[in-house]
Visitor: 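Here it is, the structure in full.
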Amino acid sequence: MRIVTYNVNSINARLPNLLRWLQETTPDVVCLQELKAPQEKFPEAAIREAGYGVIWHGQKSYNGVGILARNAEPTEIRRVLPGDPEDAHSRYIEATVNGVLIGCLYLPNGNPAPGPKFDYKLRWLERLRIHAAELFARETPVVLTGDYNVIPTERDVYKPERWVDDALFRVETREAFGRIMSQGWVDAVRTLHPDAQIFTFWDYFRNAYQRDAGLRIDHHLLNPAAARLLERAGVDREVRGWDKASDHAPVWIELGGSN
DNA sequence: ATGGCTGCAAGATGCAGA
């Protein structure tokens, strides 16, 4: 079972790329972030014609998340991260697919820091910690995946000293992320590739992709039942080099077992 | 330190992204 997280940076601007990538790699589950489309503007027909069941939570202009399942319908559990009834951003959606619980998240960027946006990011991380604790305890596989907008360590950024004051790499951010990890979650990509330099995002400026000036900010977190099934993990980094590409690349894991 | 690029909602430019 191949599960992928992909920040598409506009589902409609990226639709040709997305369909090509679906056809070439046939993932089983795809978690999308930054749909940048209101609920009614999601290209549902094209996704279904490609062979995928889908649920999504859109929003005008910004944010938006969705879960695709090949030859299956995701069973929705929730479309809001608990803990703040005032939060109107579409940043979380959760479903089960073939017995695996999938949490698809788009964590706030948080820049500029410090400031209200950074405060929102830290509150969101704390809400995620509380919800993650409940998910972690399940005896069935749980994959908490998405665009975390967190650079976990110095090896996950091309030039750490340039990012120390950025909301993605500030000490408060890494510590909040660390509190979630300390529940026992397995960072799938880093666990299988402990020494590799792996990036999942390259910004549009300064030929960042050509220079490989990237960040690793899209992550798959696995609970013990999921970690036991983990077989492979990687990044479809060539997709970042396609014409009209998102600034993120798809990040995938493969779980073994009956699926 | 700044700006470089991209998409959205606009119908010019400002916001947001990371």
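Keep in mind that the numbers below use all heavy atoms, side chains included, and drop hydrogens, waters and symmetry copies. In what follows, chains carry the letters A, B, and so on, assigned in the order in which the sequence lines appear, proteins first and then strands, with residues in each chain numbered from 1.
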Visitor: Whole angstrom is fine here: how far is it from CD1 in Ile11(A) over to P in dG17(B)?
Guide: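 In whole Å, dG17(B) P lies 19 Å from Ile11(A) CD1.
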Visitor: Check the surroundings of atom CZ in Arg48(A): do more than 12 heavy atoms from other residues, nucleotides or ligands lie under 6.0 Å from it?
Guide: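 Yes.
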Visitor: Separation of Leu215(A) atom CG from dG17(B) atom C1', in whole Å?
Guide: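 That distance rounds to 12 Å.
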Visitor: Which one, dC8(B), dG4(B), dG17(B), comes nearest to the side chain of Arg206(A)?
Guide: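 Of the candidates, dG4(B) comes closest.
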Visitor: Just the rounded figure in Å: distance from P of dG17(B) to CZ of Phe201(A).
Guide: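 Phe201(A) atom CZ is separated from dG17(B) atom P by 12 Å.
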Visitor: Are any of the side-chain nitrogens in Arg70(A) or Asp28(A) under 4.0 Å away from the carboxylate oxygens of its partner?
Guide: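 Answer for the salt bridge query: yes.
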Visitor: At under 4.0 Å between heavy atoms, what does Asn63(A) touch on the DNA or RNA strands: base, sugar-phosphate, or nothing?
Guide: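 Answer is nothing: Asn63(A) stays at 4.0 Å or more from every strand.
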Visitor: OP1, OP2 of dG7(B) versus side-chain N and O of Lys244(A): anything below 4.0 Å?
Guide: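 Checking Lys244(A) against dG7(B): at least one side-chain N or O falls below 4.0 Å of OP1 or OP2.
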Visitor: Go nucleotide by nucleotide along DNA chain B from the 5' end; which of Lys60(A) and Asn149(A) gets its closest nucleotide reached first?
Guide: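 The residue closer to the strand's 5' end, by nearest nucleotide, is Lys60(A).
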Visitor: Could you tell me how far dG4(B) sits from dA10(B) if I compare only their C1' atoms? Round to whole Å.
Guide: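 Here dA10(B) and dG4(B) have their C1' atoms 23 Å from each other.
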Visitor: Report the residue from Asp147(A), Thr5(A), Asn7(A), Asn149(A) that forms a side chain to side chain donor-acceptor pair (under 3.5 Å) with Gln33(A).
Guide: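 That would be Thr5(A).
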Visitor: From C-beta outward on Asn9(A), which listed nucleotide comes closest to its side chain: dA9(B), dC5(B), dG7(B)?
Guide: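 Per side-chain heavy atoms of Asn9(A), the pick is dG7(B).
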Visitor: Check the phosphate of dG7(B) against Arg14(A), side-chain N and O only, distance under 4.0 Å to OP1 or OP2. Yes or no?
Guide: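 The answer is yes; a side-chain N or O of Arg14(A) sits under 4.0 Å from OP1 or OP2.
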Visitor: Counting any heavy atom closer than 4.0 Å, what does His89(A) reach on the DNA or RNA strands: base, sugar-phosphate only, or nothing?
Guide: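 Contact class for His89(A): none.
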Visitor: Can you give me every donor-acceptor pair (side chain of residues 61-69 of chain A, partner residue at least two apart or in another chain, under 3.5 Å) with its distance?
Guide:
unit_1, atom_1, unit_2, atom_2, d
Asn63(A), OD1, Arg91(A), NH2, 3.2
Asn63(A), ND2, Gln59(A), OE1, 3.2

Visitor: Starting from P on dG17(B), measure out to CG on Asp218(A) and report it in whole angstrom.
Guide: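 Asp218(A) atom CG is separated from dG17(B) atom P by 15 Å.
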Visitor: Atom CG of Asn207(A) and atom C1' of dC5(B): how far apart are they, to the nearest Å?
Guide: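 Interatomic distance, CG of Asn207(A) to C1' of dC5(B): 10 Å.
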Visitor: Taking only the P atom of each, what is the distance from dC15(B) to dA1(B) in whole angstrom?
Guide: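 To the nearest whole Å, 22 Å.
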Visitor: Under 4.0 Å, counting only non-hydrogen atoms across every strand here, what does Arg91(A) touch: a base, just sugar-phosphate, or nothing?
Guide: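 Sugar-phosphate contact only.
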Visitor: Report the nucleotide, chosen from dG17(B), dC8(B), dA10(B), that has the shortest atom-to-atom distance to any side-chain atom of Lys36(A).
Guide: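 Side chain of Lys36(A) sits closest to dC8(B).
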Visitor: Out of dG7(B), dA9(B), dG17(B), which nucleotide sits closest to the side chain of Tyr106(A)?
Guide: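 Among dG7(B), dA9(B), dG17(B), the one nearest the side chain of Tyr106(A) is dG17(B).
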Visitor: Quick one: which of dA10(B), dA16(B), dT6(B) gets closest to the side chain of Lys117(A)?
Guide: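 The listed nucleotide nearest to Lys117(A)'s side chain is dA16(B).
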Visitor: Gln39(A) CD to dC8(B) P: how many Å, rounded?
Guide: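 Those two atoms, CD and P, are 17 Å apart.
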Visitor: Give the nucleotide from the list dG17(B), dG7(B), dA9(B) with an atom nearest to the side chain of Tyr62(A).
Guide: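 Side chain of Tyr62(A) sits closest to dG7(B).
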Visitor: Is Arg216(A) salt-bridged to Asp187(A), cutoff N-O under 4.0 Å?
Guide: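 Yes, charged N to carboxylate O under 4.0 Å.
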Visitor: Could you list the residues that satisfy ring pair (Phe, Tyr, Trp, His ring centres under 6.0 Å) with Phe118(A), not counting sequence neighbours?
Guide: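 So Phe118(A) forms no ring pair (Phe, Tyr, Trp, His ring centres under 6.0 Å) with any residue.
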Visitor: For the P atoms, the ones on dA12(B) and on dG17(B), what distance do you get once it is rounded to whole angstrom?
Guide: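 About 26 Å, rounded to a whole number of Å.
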Visitor: Find which nucleotide of DNA chain B each of Trp163(A) and Tyr204(A) is nearest to by heavy atoms, and output the residue with the more 5' nucleotide.
Guide: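 On the 5' side of the pair lies Tyr204(A).
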Visitor: Please state whether the phosphate of dA16(B), meaning OP1 or OP2, lies under 4.0 angstrom from any side-chain nitrogen or oxygen of Ser61(A).
Guide: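 Checking dA16(B) against Ser61(A), no side-chain N or O comes under 4.0 Å of OP1 or OP2.
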Visitor: Quickly work out the Asn111(A) CG to dC15(B) P distance and round it to whole Å.
Guide: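 Rounding to the nearest Å, CG of Asn111(A) and P of dC15(B) are 16 Å apart.
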Visitor: In this structure, how many angstroms lie between the P atom of dC5(B) and the CD atom of Gln210(A), rounded?
Guide: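 Rounding to the nearest Å, CD of Gln210(A) and P of dC5(B) are 13 Å apart.
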